[in-house]
Structures are given as structure tokens and as C-alpha cells.
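Report on one structure; see the data block that follows.
FYI, the numbering just counts along the sequence from 1.
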Amino acid sequence: DTSLRKANIQKEKLKKRENSRVQKILDHIDLNEINVKTQSIFGRRGYSIGHYAKVKHADLLVMNAPDKIRLIDRLFPHDLEYILSELPTDVLIVK
């Protein structure tokens, strides 16, 4: 019970930090008549994001660019490659 409570507290802290980070970015963008809805998604990056975007029929998915691509990334598919191959929506990759 204690570890579950600690995990929930950590998750809430992470969610608040990410929401404030996204809000700071959106504050610098001119959103005249654009309705922006944000949603934090937790879990495995490729599967969770792809599944959520399919279920919600998202118009646009915005995500970070991968850090560095190494030899091991060439051997095993990266989350971004999975998303791009399976996602029926537009993707904006921010570097």
C-alpha cells in the first residue's frame, strides 16, 4: 500500500511537471482559433501513444525526436519507427 501511494505521488508530480512544460510551450504559440487538447500518456512509448491516438482519433500527434541513433537502434526497431508505420494520423516530431 505504501509503495502504491509513493508511485501515485511520483506519477502526479511527473504529470504536473509535464503539463506545465507543455503549457509554457503553448504560451509562446499564437493559437487564434485553434482548440488544443493535451493529454499525458504513461506506459511504453510506442504502444501506448499509438493505441491512444487510434482510440481517440487524434488529428495530430506531437512527440520528441529520438536522441542519438546508434548501431543498436538500427538492429532493433525504435519506438518512433513503430509509431510512424502503424499510426493513422499526422505526426509532428519536435527536435
Worksheet item: Just wondering, are more than 12 heavy atoms of other shown residues or ligands nearer than 6.0 Å to CG in Asp27?
Response: yes
Fill in: Heavy-atom side-chain proximity of Gln23 to Ile25 below 4.5 angstrom
no
Discussion item. Suppose we screen for salt bridge (Lys or Arg N to Asp or Glu O under 4.0 Å). Which residues come up paired with Arg21, at least two apart in sequence or across chains?
Written reply: Glu18
Response to the item:
Residues at least two apart in sequence or cross-chain that pass side-chain hydrogen bond (donor to acceptor under 3.5 Å, both in side chains) with Asp90, listed by chain then number, are none
Item to complete: Sequence neighbours left out, what passes side chain to side chain contact (heavy atoms under 4.5 Å, CB included) with Thr2? Give chain and number order.
Response: Arg5, Lys6
Discussion item. Can you tell me which residue among Val22, Leu60, Ile29, Leu31 is in a side-chain contact (heavy atoms from CB on, under 4.5 Å) with Val36?
Written reply: Leu31
Fill in: Interatomic distance, Leu14 atom CG to Lys16 atom NZ [nearest 0.5 angstrom]
12.0 Å
Worksheet item: Measuring from Ile9:CD1 to Leu4:CG, what's the distance to the nearest 0.5 Å?
Response: 10.0 Å
Fill in: same_hphob_cluster(Ile34, Leu26) at 4.5 Å side-chain heavy-atom cutoff
yes
